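Computed from a predicted model, the values in this text were never measured in an experiment.
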Amino acid sequence: MRSIFQFILLVLPSILLSQQILPEAERAKVVDEILEERFNHLLPELMDKTDIDMWIVISREYNEDPVIRTMLPATWLNARRRTILLFYRNKATNTLDKLAVARYNVGESISSAWDKEKEPDQWKRLMQLISERNPKKIGLNFSRDHNIADGLDKTDYDEFMANLPKKYHSKVVSAEQLAVRWIETRTSREMTIYNQLVDITHDIIAEAFSEKVITPGITTTTEVEWWMRQKVTDLGLETWFHPTVDIQRTSEELVSHLYSFSGRPDNLVIQQGDLLHCDFGITYLRLNTDCQELAYVLKSGEKEAPSFLVDALKDGNRVQDFLTQNMVEGKVGNAILARALQEAKDAGLRPSIYTHPLGTYGHSAGTTIGMWDAQGGVMKDDGENYPLNPNTVYAIELNTTVHIPEWKRDIRIMLEEAGFFGEEGFRYVNGRQTELLLIPRPKPQLGN
């Protein structure tokens with residue numbers, strides 16, 4: 001009986017976590033319901049704000065435009081043949097036509113508008129639909145400044161322009177603003193889901209950075225990375241990048257930012273007294289998380305992390321505050337970056353900020369607030385002049401360098417949390433790390 005009880009205690013956290021995650025059929029239902037809401041309520045608003053009354057999204061199977069991937073129903077894992085979507089907004093009548101120049105309906109909202117038996121040429125049928133509506137502007141997905149809004153390939157662009165009546169050529173514009181707003185804007189229901197998604201992410205990190213996974217002197221960083229990857233798979237989820245785990249300790253020198261991306265040694269054995277850092281994110285219900293947290297491996301006899309590491313984490317939180325208090329609607333990323341960095345430096349900190357949009361994609365479209373190798377601001381082709389809009393989500397990603405006299409070296413406090421910028425300002429989606437995770441967890445009932 002005792003062994004059964006112990007087994008239940010061991011697996012209970014995994015059971016509780018898995019109960020939060022929907023089976024595939026229910027996920028599809030939620031995805032499609034959210035998509036319907038976005039098409040029927042969000043898209044008309046965005047088309048009005050960006051002053052584009054016709055948006056045409058063209059893509060071919062296995063070469064999908066990043067935008068069209070966010071518009072396909074849950075049962076469509078790819079476009080089919082050449083899929084052309086046409087959205088026409090008539091503001092006067094408050095209507096939105098949602099048509100597919102394809103052989104099939106695309107989900108519940110987008111109706112097929114092409115009968116191949118009546119008109120064999122797909123391009124000609126598209127031109128008929130355009131001429132019938134006589135739009136003021138025709139938005140296509142080409143963009144120099146935003147990669148996610150640049151999904152129209154050259155072949156389809158050339159075919160489109162060759163078939164488009166000459167009188168409409170001057171009406172063709174880049175749909176980049178509309179495409180980015182579509183990608184970046186979150187609905188209230190999506191934000192409810194996002195809270196759960198980040199909570200699951202936090203739970204997986206907490207379990208990975210615990211005695212359930214890590215035995216000091218035995219477990220390696222690579223083993224923890226693969227445990228996290230396997231945990232995601234076992235829960236029926238996906239991750240959009242491979243997790244990383246790294247160590248800072250007294251005998252190591254501070255390395256460059258590239259260490260996290262290239263040249264990081266594998267299979268470092270985790271020891272007592274190590275400061276651990278992870279970078280981890282998951283994908284669920286077409287949303288993504290991106291989270292970095294820290295843990296300390298207790299030495300024998302220790303019940304808490306050393307005060308110098310506790311204080312270092314507080315410095316990291318201070319940099320977060322300098323950033324988020326400067327997130328103001330309408331300000332561009334470079335302006336937010338410059339002000340936040342200056343305020344943090346004036347406070348005696350050594351910050352680096354490289355916050356990116358988060359949502360439908362991990363490195364998503366929207367306001368970029370620095371890059372790790374562009375602390376003076378990003379260039380135009382990285383969205384330099386794109387303003388901060390409400391109802392958007394960001395990976396609040398940054399670090400601060402802290403000198404640790406006890407270790408006779410600098411360390412880097414690297415943090416990343418999902419944050420929401422709404423009509424009432426900024427908030428963290430599911431909180432942020434303000435205390436180091438401890439390995440093993442203290443057990444007060446045992447006096448340790």
Side-chain angles (χ1 to χ4, degrees), residues 205-206 208-211 214-217 219-221 224 244-265 267-279 291-325 337 340-355 370 372-373 375 396-417 432-442 444 448:
I205 293 174
F209 278 172
S210 77
E211 64 275 15
I214 295 174
T215 301
T219 309
T220 69
T221 52
V224 180
T244 62
V245 175
D246 54 80
I247 296 172
Q248 295 181 87
R249 53 168 63 125
T250 58
S251 59
E252 302 288 341
E253 293 184 2
L254 187 65
V255 294
S256 72
H257 287 80
L258 277 172
Y259 179 85
S260 297
F261 307 101
S262 175
R264 182 174 47 84
N267 288 307
L268 288 178
V269 176
I270 296 169
Q271 304 284 1
Q272 291 182 341
D274 283 348
L275 180 65
L276 303 184
H277 162 264
C278 72
D279 192 352
C291 188
Q292 296 179 45
E293 293 195 355
L294 300 162
Y296 175 72
V297 185
L298 293 169
K299 296 179 180 179
S300 297
E302 286 185 324
K303 299 179 182 179
E304 57 188 21
S307 59
F308 56 82
L309 293 182
V310 173
D311 291 341
L313 176 57
K314 290 179 181 178
D315 284 345
N317 291 149
R318 291 173 67 199
V319 177
Q320 290 175 324
D321 293 340
F322 284 121
L323 168 60
T324 57
Q325 70 192 17
L337 173 69
L341 286 176
Q342 189 59 56
E343 290 182 356
K345 290 174 182 176
D346 289 345
L349 301 170
R350 290 189 281 168
S352 179
I353 296 172
Y354 32 96
T355 286
W372 66 266
D373 56 352
Q375 288 299 284
I396 303 301
E397 185 178 9
L398 47 77
N399 75 67
T400 189
T401 301
V402 181
H403 184 68
I404 305 296
E406 293 83 352
W407 285 3
K408 298 179 181 179
R409 57 160 292 188
D410 287 344
I411 66 169
R412 188 173 286 125
I413 297 296
M414 296 171 282
L415 298 171
E416 187 170 17
E417 294 286 1
R432 60 170 173 171
Q433 183 178 24
T434 57
E435 296 182 5
L436 294 168
L437 291 166
L438 299 179
I439 307 168
R441 300 289 192 270
N448 59 38

Check: Mind checking whether Q433 and I205 have side chains closer than 4.5 Å, heavy atoms only?
Finding: no
Note to self: Within a 6.0 Å radius of atom CD on Q325, are there more than 12 heavy atoms belonging to other residues, nucleotides or ligands?
What the structure shows: yes
Item checked: Euclidean distance, Q320 CD relative to I353 CD1, rounded to 0.5 Å -> 10.0 Å
Note to self: Less than 4.5 Å apart, side chain to side chain, heavy atoms only: is that true for R432 and L415?
What the structure shows: no
Item checked: Pair D321 + R318: basic N to acidic O under 4.0 Å -> no
Item checked: Pairwise side-chain contact, I270 with T221, heavy-atom cut-off 4.5 Å (strictly under) -> yes
Margin query: Tell me if the CD atom of Q272 is crowded by more than 12 foreign heavy atoms within 6.0 Å.
Written below: yes
Checklist line | 4.5 Å side-chain heavy-atom contact, P351 and F322 | finding: no
Note to self: I need the F308 CZ to L275 CG distance, nearest 0.5 Å.
What the structure shows: 9.5 Å
Checklist line | Check: P442 and E304 side chains under 4.5 Å, non-hydrogen atoms | finding: no
Checklist line | Check: D274 and L268 side chains under 4.5 Å, non-hydrogen atoms | finding: no
Notebook entry, point to check: To the nearest 0.5 Å, what is the distance between OG (S352) and CG (L398)?
Noted result: 8.0 Å
Next item on the list: Hey, could you give me the CZ/CG distance between R441 and L298, rounded to the nearest 0.5 Å?
Entry: 9.5 Å
Next item on the list: Mind checking the CG-OH spacing from L309 to Y296? Nearest 0.5 Å is all I need.
Entry: 6.5 Å
Next item on the list: Indicate yes or no: at least one non-hydrogen side-chain atom of I247 is less than 4.5 angstrom from one of L276.
Entry: yes
Next item on the list: Apply side chain to side chain donor-acceptor pair (under 3.5 Å) to the pair Y354 and N399, showing each step before the final yes or no.
Entry: CA-CA 9 Å; Y354 32 96; N399 75 67; 2.8 Å; yes
Note to self: Going by side-chain hydrogen bond (donor to acceptor under 3.5 Å, both in side chains), name the residues that satisfy it together with E417, two or more places apart in sequence or in a different chain.
What the structure shows: H202
Notebook entry, point to check: What residues, two or more places apart in sequence or in another chain, satisfy side chain to side chain contact (heavy atoms under 4.5 Å, CB included) together with A312?
Noted result: V402, I411, I413
Note to self: Less than 4.5 Å apart, side chain to side chain, heavy atoms only: is that true for F209 and L294?
What the structure shows: no
